[in-house]
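Right, one structure below, let's go through it.
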Number of protein chains: 2
Amino acid sequence: MVQKSKKPPSAAKIDAPVAPKRRGRPRAYEPDVALGKALDLFRRDGFAATSLDDLSAATGMNRPSLYGAFGDKRELYIKSYQRYRDDARAAMVDIFRAEAPLRERLERIYRIALDIYLSGESGPRGCFTVMTAASEAVSDPEIRTMVLAGLTELDKAFGICFREARERGELPEGADPAALAHLASATIHTIAIRARARVPRKELEAIVKGALDVMCGAK
Amino acid sequence: MVQKSKKPPSAAKIDAPVAPKRRGRPRAYEPDVALGKALDLFRRDGFAATSLDDLSAATGMNRPSLYGAFGDKRELYIKSYQRYRDDARAAMVDIFRAEAPLRERLERIYRIALDIYLSGESGPRGCFTVMTAASEAVSDPEIRTMVLAGLTELDKAFGICFREARERGELPEGADPAALAHLASATIHTIAIRARARVPRKELEAIVKGALDVMCGAK
DNA sequence: GGAATTAAATTCGAAATGGTACAAAAAAGT
DNA sequence: ACTTTTTTGTACCATTTCGAATTTAATTCC
């Protein structure tokens, strides 16, 4: 116990996630899980219909703590949306990068999408971008930028899929990857909307299958 | 001025829209235009973010009058949505019924859709079904029913288009009208969302063109 | 002209909302 | 033990919100 000085600064950069020995009273919440709860609420009810009291109850943080940790309601909304996009991207990026036949890749993407849209205790939660962020996008430039980034990111990911597939001969020479990508995104959007109207998963899967038949050629 | 009695009751049934000689103080507003103003607000801001004061200001009716004429906020919202669907249907029904080549019919439908989604003084208004009604649909069964009706109505109208086109030989035998109809609806949905994010009309038209190329065969 | 009827306009009230001020609490540093 | 720092928890405030009660105005019927 003689050498009880601070851990060698050489490892300082490495174990950033472990106890940073903060100075004051420790937090009674985990910022990440709290943000997840906030995200759930915003997804279900949208920006305006979600009150700070609701958020406070869901996160277990009282309002001043919420404010201190995330800023005002709008900032919390934006951070929630950021988190949603990060999660969605993380869930899909491996599939988009995978070396697999076009149809299989797309099937896996849509399976993930349906998982995201249909989960939720109090009904299917749909897609944050489609359901609530797009609404705010008209009047809020910052949210609009994020929505646009989300939309084009998806378009591009699909576009790469189709371009690679064409190069591999899975699609006819004349196929237009950009147009197909927009259709693939459109299919994402339509199932997000229908999920929110409680269309059962079976029907959504049928819609996806029909779209895949058109986009990839009938199986 | 001798024969100043009411107009002959024989014409009563015919000119229903003219003065019905109501009993009390006449209305200071036209219910139809007031509902249109309410619709505009709900489309722009959604249900929760639209206050009765906003609605009162926009319609020129004070709150008790609003309440008396349309019921509470939720009823007004539902009536607005009803009105939106009626307007949209009216704008499209002739095109859907028209005797014209598939591609031309679809082009006209999408032109109307873009007109609807992109209009609005304070930014593009998007689609009521997609932007606000679908959000409410999770928790409100009545709204959900209307949303589902709107979605399937569009699917069916597109389905008829594609079925007729196949019968006329405009599509290959193996084409699946139901799947194509879902893609056509999906394209409606995706442009509604993108319009809301202020994607310019030119880009939306390009997306539509690409979708048409895939669905109808490149021109 | 007066009663009846319908709607407008004013006003009220209870609850909820977003945000903040301030004191108490829990930890680390000295 | 005492100070410093950070967070919690309570209470508060001004404003907004939805809804309704009440009064006033405009019209038709008798």
Side-chain angles (χ1 to χ4, degrees), chain A residues 1 4-7 9 12 18-35 37-38 41-42 44-80 132 136 139-140 143, chain B residues 4-7 9 12 18-35 37-38 41-42 44-80 132 136 139-140:
Chain A
M1 276 292 187
K4 73 173 204 171
S5 69
K6 320 106 193 164
K7 35 201 168 333
V18 303
K21 279 296 184 208
R22 300 178 56 88
R23 193 89 147 54
R25 176 170 175 171
R27 284 182 181 142
Y29 58 90
E30 292 232 49
D32 279 357
V33 316
L35 189 58
K37 299 286 188 184
L41 275 198
F42 278 131
R44 196 185 64 190
D45 298 332
F47 178 77
T50 304
S51 73
L52 286 185
D53 280 341
D54 297 336
L55 292 164
S56 176
T59 58
M61 306 163 65
N62 40 34
R63 246 172 312 139
S65 295
L66 255 176
Y67 200 82
F70 303 110
D72 70 5
K73 191 181 170 184
R74 178 175 164 279
E75 283 182 84
L76 178 52
Y77 179 85
I78 289 178
K79 291 195 170 91
S80 297
T132 118
E136 311 297 328
S139 50
D140 190 312
I143 296 176
Chain B
K4 71 170 202 174
S5 71
K6 327 98 191 159
K7 36 203 169 324
V18 302
K21 279 295 186 211
R22 300 178 56 90
R23 193 89 148 50
R25 175 171 175 170
R27 285 184 182 141
Y29 59 91
E30 292 232 49
D32 278 358
V33 317
L35 190 58
K37 299 285 188 184
L41 275 198
F42 278 132
R44 196 187 63 190
D45 299 333
F47 178 77
T50 305
S51 74
L52 286 184
D53 280 341
D54 296 337
L55 292 163
S56 175
T59 58
M61 305 164 63
N62 39 34
R63 246 175 309 137
S65 296
L66 255 177
Y67 199 83
F70 302 110
D72 69 5
K73 191 181 171 185
R74 179 174 164 279
E75 284 182 83
L76 178 52
Y77 179 83
I78 289 177
K79 290 195 170 93
S80 297
T132 117
E136 310 297 327
S139 51
D140 191 313

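None of the values given here were measured: they were computed from a predicted structure. Just so you know, these numbers use all the heavy atoms, side chains as well, and skip hydrogens, waters and symmetry mates. Letters go in sequence order (proteins before strands), and every chain restarts at 1.
Taking atom CZ of B:Arg23 as the reference point, atom P of D:dA26 lies 18 Å away to the nearest angstrom. Look at CZ on B:Arg25: it is 4 Å from C1' on C:dA8, rounded to the nearest Å. Between B:Leu52 atom CG and C:dA15 atom P the separation is 18 Å, expressed in whole Å. Across the protein-nucleic acid pair, A:Asn62 atom CG and C:dT20 atom P stand 15 Å apart, rounded to whole Å. As a whole-Å value, the separation of B:Tyr67 OH from D:dC18 P is 12 Å. Nucleotide D:dC18 holds its P atom 8 Å from the CZ atom of B:Arg63, rounded to whole Å. Taking atom CG on B:Leu55 and atom C1' on D:dG19, their separation rounds to 14 Å, with Å as the unit. As a whole-Å value, the separation of B:Leu66 CG from C:dA8 P is 10 Å.
Of all nucleotides listed (D:dT17, C:dT20, D:dT8), D:dT8 comes nearest to the side chain of A:Ala28. Listed nucleotides C:dG18, C:dT20, C:dT10 differ in distance to A:Pro64; the shortest reach to its side chain belongs to C:dT20. When distances run from any side-chain atom of B:Tyr29 to the nucleotides C:dA7, C:dT5, D:dT8, the shortest one goes to C:dA7.
With contacts defined as side-chain heavy-atom distances shorter than 4.5 Å, the pair B:Asp32/B:Leu35 does not qualify. Side-chain contact check for A:Leu76 versus A:Phe42: some heavy-atom pair is nearer than 4.5 Å. Two residues are said to be in side-chain contact when any heavy atoms from C-beta on lie closer than 4.5 Å; B:Tyr29 and B:Lys37 fail this criterion.
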* To do: Any chance you could lay out the side chain to side chain donor-acceptor pair (under 3.5 Å) test for B:Asp53 and B:Ser56, step after step, and finish with the verdict?
  => CA-CA 5 Å; B:Asp53 280 341; B:Ser56 175; 5.5 Å; no
* Please report the C-alpha distance between B:Tyr77 and B:Thr132 in whole Å, then the side-chain angles of each, then the deciding distance to 0.1 Å, and finally whether the side chain to side chain donor-acceptor pair (under 3.5 Å) criterion is met. => CA-CA 10 Å; B:Tyr77 179 83; B:Thr132 117; 2.3 Å; yes
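Contact annotation for B:Thr50: backbone-only contact, meaning every heavy-atom pair under 4.0 Å involves sugar-phosphate atoms and none involves a base.
When the nearest nucleotides of DNA chain D are assigned to A:Gly60 and B:Ala49 by heavy-atom distance, the more 5′-ward of the two goes with A:Gly60.
Considering every non-hydrogen atom in both B:Leu41 and B:Ala58, the closest pair reads CD1-CB, 3.8 Å. Shortest non-hydrogen contact noted between A:Leu52 and A:Leu66 is O-CD1, 4.2 Å.
Using a 4.0 Å cut-off on heavy atoms, none of the residues of residues 68-79 of chain B approach DNA chain C.
An OP1 or OP2 oxygen of D:dT7 is reached within less than 4.0 angstrom by no side-chain nitrogen or oxygen of A:Ser65.
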